[in-house]
Chemist: 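Please see the structure below; I have some questions.
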Amino acid sequence: MKSDAGKGLAGEPRVFVTTCWSLILSAANSESAEQKARDALAELCRTYWRPIFSFVCRRGYSMEDAQDLTQDFFLMMLERNWLEHADPNRGRFRSLLLKSLQNFLNNAAERTHALKRGGDVEFISWDDWMAEAPSQLSIPAQALDSLQPEQFFDLRWAATVVEQALRRLREECEGKGKLRLFHALSGYLTAERDEVSYTKLSTALGVAETAVKKQLHNMRQRYRWLLRDEVAHTVADPTEVEDEIRHLCAALAAGTE
């Protein structure tokens, strides 16, 4: 994940006019657009469930309780009163979500649950999600022990952004019949120049080194644009994208060093 992510490919949009988060903010107090805002919020919840679940676990809850609390938190967010209080001045979606989650857990610790958390509604099928969306991030045990819950939340958030961008890139390559190329080059998207052996890649792919260099260059550009697009969905103002990317790069560096 590079902080210069998003110079973009020629012809790609450089300003993100409507994103999930900006849609939520603009429609929060609009009856006609409320359902679209709720759908956008639900999509963000489905995308970023792992940082939420991980944070709850790091606060000392068992896996089963963390699953229940995460479900309950999602349901609380999808209520209209949360949308109405989605104030852009309170920060980016990541920051607002973490603050809301902290408040939710503080209240959850104080109240008595007469029913199973979340009632009869299941927002996520945990078995399906664990199987379909496994985390690809390998976190050293030392980092896990040293990170505070808030730092771990940001680390998982950053990892989710990266994984979403990679998933989209993979789908694009597959749609173009270039899945083999993706598997061969995706491990080098953020590698330094001296870490890439174009000779080995050329032999493995059966194409000239110049072609490998061009393909990797194009794939890196597309990957950076997709990263930027993923981040843009969680900020209200496009001018915040670069700063958010820098924050997430720092979170990844702190968790994987």
Chemist: Evaluate the criterion side chain to side chain contact (heavy atoms under 4.5 Å, CB included) for residue pair Cys57 and Phe152; output intermediate values, then yes/no.
Modeler: CA-CA 10 Å; Cys57 287; Phe152 194 61; over 6 Å; no

Chemist: Determine, stepwise, if the pair Arg92 / Asp243 fulfils salt bridge (charged side-chain N to carboxylate O under 4.0 Å, His left out).
Modeler: CA-CA 11 Å; Arg92 298 160 194 162; Asp243 189 55; 2.8 Å; yes

Chemist: How long is the span from the OG1 atom in Thr234 to the CG atom in Leu96, to the nearest 0.5 Å?
Modeler: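 Thr234 atom OG1 to Leu96 atom CG measures 11.5 Å (nearest 0.5 Å).
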
Chemist: Suppose we screen for side chain to side chain contact (heavy atoms under 4.5 Å, CB included). Which residues come up paired with Leu98, at least two apart in sequence or across chains?
Modeler: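 Checked Leu98 against side chain to side chain contact (heavy atoms under 4.5 Å, CB included); matches are Phe55, Gln102, Glu150, Phe153.
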
Chemist: Got a donor-acceptor contact below 3.5 angstrom from the Thr160 side chain to the Tyr48 backbone?
Modeler: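 Side chain of Thr160 to backbone of Tyr48: no pair is present.
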
Chemist: Measuring only between side-chain heavy atoms, which start at C-beta, is Ser186 closer than 4.5 Å to Tyr223?
Modeler: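 In short, these two side chains do not touch, never coming nearer than 4.5 Å.
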
Chemist: Please check this pair: side chain of Arg220 against backbone of Leu189, looking for a donor-acceptor N/O pair closer than 3.5 Å.
Modeler: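 Yes; at least one donor-acceptor contact below 3.5 Å.
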
Chemist: Could you pull out all residues at least two apart from Thr210 that satisfy side chain to side chain donor-acceptor pair (under 3.5 Å)?
Modeler: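 Once residues adjacent in sequence are excluded, Thr210 has no partner under the side chain to side chain donor-acceptor pair (under 3.5 Å) criterion.
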
Chemist: Please give me the minimum heavy-atom distance between Leu248 and Val231, naming the atom from each residue.
Modeler: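 Residues Leu248 and Val231, closest heavy atoms: CD1-CG2, 4.2 Å.
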
Chemist: Provide the closest heavy-atom pair for Val235 versus Glu240 in the form atom of the first, atom of the second, distance.
Modeler: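 Smallest heavy-atom distance, with atoms named: CB-OE1, 3.7 Å.
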
Chemist: Quick one, Lys213 and Tyr198 - any side-chain contact, counting heavy atoms below 4.5 Å?
Modeler: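 SC-SC contact between Lys213 and Tyr198 confirmed.
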
Chemist: So how far is it from Arg168 CZ to Cys173 SG, rounded to the nearest 0.5 Å?
Modeler: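 So the gap between those two atoms works out to 13.0 Å.
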
Chemist: With a 6.0 Å cut-off on ring centres, are Trp49 and Phe74 close enough?
Modeler: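 No, ring centres 6.0 Å or more apart.
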
Chemist: With rounding to the nearest 0.5 angstrom, report the CH2 to NE2 distance, Trp157 to His247.
Modeler: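 Those atoms lie 10.5 Å apart.
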
Chemist: To the nearest 0.5 Å, what is the distance between CD (Gln148) and CG (Asp154)?
Modeler: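 Between atom CD of Gln148 and atom CG of Asp154 there are 12.5 Å.
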
Chemist: Do you know which two heavy atoms are closest between Ile245 and Arg228, and how far apart they sit?
Modeler: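 Looking at all heavy atoms of both residues, the closest pair is CD1-CA, 4.2 Å.
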
Chemist: Taking all atoms of both residues into account, what is the closest heavy-atom pair of Ala66 and Tyr61, and its distance?
Modeler: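 So the two residues come closest at N-CB, 4.2 Å.
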
Chemist: What distance do Phe93 atom CZ and Thr47 atom OG1 have between them, rounded to the nearest 0.5 Å?
Modeler: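 If I round to the nearest 0.5 Å, the distance is 9.0 Å.
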
Chemist: For the residue pair Glu230 and Leu226, establish whether any side-chain heavy-atom pair is separated by less than 4.5 Å.
Modeler: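 Side chain of Glu230 against side chain of Leu226, heavy atoms only: no contact under 4.5 Å found.
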
Chemist: Output the distance between atom CD (Glu209) and atom CG (Leu216), rounded to the nearest 0.5 Å.
Modeler: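 It is 12.5 Å, given to the nearest 0.5 Å.
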
Chemist: Of all the heavy-atom pairs spanning Val56 and Thr70, show the shortest one and how long it is.
Modeler: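 Shortest heavy-atom contact: CG2-OG1, 4.2 Å.
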
Chemist: For the pair Arg58 (side chain) and Leu147 (backbone), establish whether a donor and an acceptor sit closer than 3.5 Å, ignoring hydrogens and angles.
Modeler: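 At least one qualifying donor-acceptor pair exists.
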
Chemist: Can you check side chain to side chain contact (heavy atoms under 4.5 Å, CB included) on Leu69 and Phe53, steps first, answer last?
Modeler: CA-CA 8 Å; Leu69 285 166; Phe53 174 66; over 6 Å; no

Chemist: Are the side chain of Glu195 and the backbone of Glu192 linked by a donor-acceptor contact shorter than 3.5 Å?
Modeler: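 Yes, the answer is positive, given that a donor and an acceptor are paired below the 3.5 Å cut-off.
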
Chemist: Side chains of residues 176-184: which donor-acceptor partners sit under 3.5 Å, not counting sequence neighbours?
Modeler:
from, atom 1, to, atom 2, distance (Å)
Arg180, NH2, Ala204, O, 2.7

Chemist: Identify the two heavy atoms, one from Ala191 and one from Val196, that lie closest to each other, and give their separation to 0.1 Å.
Modeler: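 Distance-wise, the nearest heavy atoms are CB-CG2, 4.0 Å.
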
Chemist: Report yes or no: does Asp229 contribute a side-chain atom to a donor-acceptor pair with the main-chain N or O of Trp225 at less than 3.5 Å?
Modeler: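 No, the answer is negative, given that no donor and acceptor are paired below the 3.5 Å cut-off.
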
